[in-house]
Amino acid sequence: MYRSNTCGELRISDAGRKVTLAGWVQKVRKLGGMTFIDLRDRYGITQLVTEQAVEVGREWVIQVVGEVVERQAKNAKMPTGDIEVKIDTVTVLNKAQTPPFTIEEVSDGGEDIRAKYRYLDLRRAPLQRALALRHRLAQEIRTYLDGQGFMEIETPYLIKSTPEGARDFVVPSRMNPGEFYALPQSPQTFKQLLMVAGYDRYFQIVRCFRDEDLRADRQPEFTQIDCEMSFVEQEDVLNTFEGMMRSMFKNALGVDIPNPLPRMSWYDAMDNYGSDKPDVRFGMKIHEITDLVQGCGFSVFDSSAYIGAIAVEGCAEYTRKQIDELTEWVKRPQVGAKGLIYIKVAADGSIKSSVDKFYTPEQLKAVAERVEAKAGDLVLVLCGAKRKTQTQLGVLRIEMGGRLGLRDPKVFAPLWIVDFPLLEWDDETQRFYAMHHPFTAPKPEHEKWFYSDKKEDLERVCANAYDFVLNGTELGGGSIRIHNADMQSRMFEVLGISKEDAEYKFGFIINAFKFGAPPHGGLAFGFDRVCALFGGQETIRDYIAFPKNNQGRDVMIDSPSKIDQEQMDELFLQSTVKE
RNA sequence: GGUGCGGUAGUUCAGUUUGGUUAGAAUGCCGGCCUGUCACGCCGGAGGUCGAGGGUUCGAGCCCCUUCCGCACCGCCA
C-alpha cells in the first residue's frame with residue numbers, strides 16, 4: 001500500500017493516527033534541527049515535520065510514514081492547517097530535476113515555458129481545478145441527457161471533405177492512392193443520418209477539427225456537445241437544452257439561471273447590441289438617431305445611411321485626451337470607424353459636443369433622450385453603412401463595458417438568439433452562403449421566398465435557427481433541419497453548388513432523405529468554451545489538458561513534424577516545400 | 001495575409017529614448033547558520049551565444065536590414 005490517505009483529507013480529528021502519505025515535495029523549509037516539508041497531491045497539501053536529516057528536493061516523489069499531530073502553530077489558510085504529520089520514515093520513490101518554473105497557485109513561469117512542460121503545469125492547482133470542472137460538466141451533461149432518453153453514439157473521424165465552411169484537415173489514404181479522408185468539422189451529416197435511422201435522441205461529446213487560424217478561444221481540435229432530435233420543433237429543442245444548461249449551472253456552480261431563458265431575435269440583437277452574440281450583463285444599448293440629426297448641414301451625418309449612438313454611464317468628465325484616445329481606438333483597422341462624435345451631458349444637465357456648431361442644444365438634448373443618457377453620461381456616435389456601423393458600435397459598447405467593469409465573469413446572463421436569416425449574400429464572390437449551414441431549413445412561412453429567384457426575396461428568408469449566447473460569447477447553436485430531398489437540392493442550388501457537385505459531395509444525404517427522413521433538428525455546444533466561461537476565463541487553453549499554441553503547434557511533443565520519405569512514398573505524397 | 005506588443009541569468013523582468021568600464025534586480029539553484037516555519041529568516045556563492053544572421057561604427061543588448069519564435073487581435077472560423 002503506497003498510501004493510507006491523500007494529502008488533502010487529514011484533519012484535527014485524525015490526530016494520533018499512524019498514516020502513510022505519498023506525493024510530490026512542494027517546498028522544504030529547514031530550520032536548523034527541524035525540517036518542514038509541504039507534500040502535495042491533487043487533493044491538497046499536508047505539512048510534514050521531522051527532526052531527522054532528510055535529503056529531498058522540489059518535486060521529488062516521496063512516501064512518508066508518520067503520526068498525525070496537532071500543530072503548535074496552526075495555519076488558517078489551508079484546510080489541513082491544524083495538523084501535520086510527524087515523520088517516522090521517508091522513502092524516496094523518485095528524485096526529480098528542479099522544475100523550470102514553480103509549481104504553485106501562481107507560477108513564476110511564462111506561458112511559453114509552461115506549455116513546453118505542460119505535464120508540470122498540470123500539477124498546479126488552477127489547472128487541476130479547470131480539468132475537474134470540465135469533468136464535472138461532462139458528467140452533468142451525460143446524466144441530464146441520459147435522463148431525457150438521449151443515446152450517446154460515436155461517429156467516424158475519417159470522413160469526407162466538404163466544400164462549405166471551414167478548411168478541412170485531411171488524411172491521406174494508403175490503400176486508396178491519391179485519395180484523402182477529411183477529419184470532421186462536426187458530425188453534422190452523421191447525426192442527421194442517425195435521425196433517418198430512427199435514433200430520435202442522439203448526443204455525443206465529440207472532438208471536431210477545423211484548419212483555421214487560432215485564437216484564445218479557438219483550437220484546431222476542439223470538443224462539441226453534439227445533439228439531434230427527431231419529431232421536434234424549435235420550441236422543443238430550446239426547452240430541452242436550456243434545461244441541460246440549467247442543470248449544469250445549478251449542479252456545477254450552484255447558480256440559478258432564469259426559467260425560461262430570455263430570447264432575442266437576430267434583428268433585435270444587431271439593432272440594439274451590434275452583435276449576434278450580445279453581452280446582456282449590462283445595458284448601454286445602441287440607438288439609431290439618423291432621423292434626429294440628418295439634414296442639418298453636417299455633411300458627415302448627411303451622407304451616412306445610418307447614425308447610431310450609445311450612452312456611456314458617468315463618463316461626461318472624459319478629457320480631450322481620453323476622447324482622442326477613444327477616437328484612435330475606433331479608427332484602428334480592427335474596428336474600422338472613420339471617426340467618433342461625442343456629446344457630453346454634464347452633471348448639471350448642460351450639453352457639450354464635438355458638433356455644437358451644427359446643432360442646437362435642443363436637438364442634442366433630443367439625441368441624449370433617445371439614447372437614454374442621464375446627467376453625467378457620455379454619448380458616443382458613429383455613422384456609416386447600417387450593419388457595419390452597428391457592429392462597430394457593438395465593439396465599442398463591449399470595450400466601454402469592460403472599462404467600466406460591467407463584465408463581471410461571476411455574473412451569468414445567458415439567452416437564446418433566434419430568427420436568424422437563412423442566407424447571407426457575399427459581395428466578393430457574388431453568391432449566397434448559408435448563415436448557419438446548408439442543412440438548415442427555412443421557416444415554413446418563408447418558403448415562398450426560398451423558392452424565388454429574386455435576391456431580395458432570398459435575403460429575407462429566416463430560419464428556425466438559434467444560438468445559445470452567454471456573456472457575449474456564442475456557446476452553441478443549431479437549427480431545425482431540412483428533411484426533404486427536394487428542399488435540400490434547392491438549398492444547394494441557391495448556394496451555387498452544381499447538381500454534379502452536390503451529388504459528389506452530399507449525394508449520400510440527399511439520397512438518405514428519400515428513404516423516410518423524419519422532421520428533425522438539433523444543436524451543438526462548444527464544450528471548451530462552456531468550460532472556460534463557467535470557470536470565469538476567456539481562454540479555453542486552461543480547460544484542455546494538452547492544447548496547441550497560436551501556430552497550431554504542440555510545443556511539448558513538438559508537432560506537427562516532418563515524416564520519413566518512406567512514409568511519404570507509401571502515401572503517394574510529394575513534398576513541394578523547399579528545404 | 002494584416003495590426004500591435006514581446007524575446008536579456010533556470011524563471012519573471014529592468015536596462016534600448018541619448019551606442020562607451022566588468023549587463024543588473026527579484027526569485028529559483030548551491031553552500032553555511034538557524035527547533036515552529038508555512039512567500040521562513042540571515043550570510044555567502046555560482047549562473048548570460050542579450051532569439052538568430054548580416055550591416056553601420058574605433059566600439060552595438062541599444063542604431064539599420066533580414067529572419068525565426070511567443071502572445072493578443074483583424075481577416076478567416078458554414
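The shown structure was predicted, so the numbers you read here are calculated from the model rather than taken from an experiment. To find a chain, count down the sequence lines: A is the first, B the second, and so on, and within it residues start at 1.
A perpendicular orientation is assigned to the rings of Tyr117(A) and Tyr119(A), their planes being inclined by more than 60° (bins at 30° and 60°).
Pair assignment for rG20(B): rC58(B), on the basis of Watson-Crick or G-U wobble contacts that are both within less than 3.5 Å. Pairing for rG70(B) goes to rC5(B), judged as Watson-Crick or G-U wobble with the two contacts each under 3.5 Å.
Heavy-atom contacts from other residues, nucleotides or ligands closer than 6.0 Å to NZ of Lys548(A) number more than 12.
When the C1' atom of rC13(B) is taken as reference, atom CZ of Phe101(A) falls 18 Å away, rounded to whole Å. One atom, CD of Gln26(A), and another, C1' of rG28(B), lie 14 Å apart when rounded to the nearest Å. Summarising the geometry, the separation between CD on Glu212(A) and P on rC74(B) is reported as 14 Å, rounded to the nearest angstrom.
For rC77(B), its base never sits under 3.5 Å from the side chain of Arg210(A) at any donor and acceptor pair. No donor-acceptor contact under 3.5 Å links the side chain of Asp108(A) to the base of rG28(B). With hydrogens and angles ignored, a donor-acceptor pair under 3.5 angstrom links the side chain of Arg215(A) to the base of rG75(B). Taking 3.5 Å as the limit, the base of rC73(B) and the side chain of Gln334(A) contain a donor-acceptor pair of atoms between them.
Distance from the side chain of Asn550(A) is smallest for rA72(B) among the nucleotides rC77(B), rU3(B), rA72(B). Distances from the side chain of Ile113(A) to the nucleotides rG70(B), rG28(B), rU11(B) place rU11(B) closest. Comparing rG28(B), rC73(B), rC38(B) by their nearest atom to the side chain of Thr98(A) picks out rG28(B). With distances taken from any side-chain atom of Lys77(A) to the nucleotides rC38(B), rC76(B), rA39(B), the minimum falls on rA39(B).
Ring to ring, Phe468(A) and Phe241(A) are not that close: their centroids are 6.0 angstrom or more apart.
Residue Ser186(A) is classed as a base contact, given a heavy-atom separation below 4.0 Å to a base. No contact: Lys116(A) has no heavy atom under 4.0 Å from any strand. Among the heavy atoms of the strands, none lies under 4.0 Å from Asp211(A).
In summary, the side chains of Gln26(A) and Arg123(A) do not present any donor paired with an acceptor at a separation below 3.5 Å, with no hydrogens or angles considered. A donor-acceptor contact closer than 3.5 angstrom is absent between the side chains of Tyr273(A) and Asp279(A). The closest side-chain donor-acceptor pair between Ser186(A) and Gln224(A), if any, does not fall under 3.5 angstrom.
Look at the C1' atom in both rC50(B) and rG7(B): the space between them is 10 Å, to the nearest Å. With both ends at atom P, the span from rG28(B) to rC42(B) equals 12 Å, rounded to whole Å.
Taking the nucleotide of RNA chain B with the nearest heavy atom to each of Glu424(A) and Gly109(A), the more 5' of the two is matched to Gly109(A).
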Quick test: give all pairs of protein nitrogen or oxygen and nucleotides 32-36 of chain B nitrogen or oxygen below 3.5 Å, distance rounded to 0.1 Å.
residue, atom, partner, partner atom, Å
rC34(B), N3, Lys30(A), O, 3.2
rC34(B), N3, Gly32(A), N, 3.1
rU35(B), OP2, Gly33(A), N, 3.1
rU35(B), O4', Leu31(A), O, 3.3
rG36(B), O6, Gln72(A), NE2, 3.1
rG36(B), N1, Glu84(A), OE2, 2.8
rG36(B), N2, Glu84(A), OE1, 2.6
rG36(B), N2, Glu84(A), OE2, 3.0

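Considering CG of Asp41(A) and CD of Glu9(A), their distance stands at 8.5 Å, rounded to 0.5 Å.
Every residue was checked against the side-chain hydrogen bond (donor to acceptor under 3.5 Å, both in side chains) condition with Gln219(A), not counting sequence neighbours, and none meets it.
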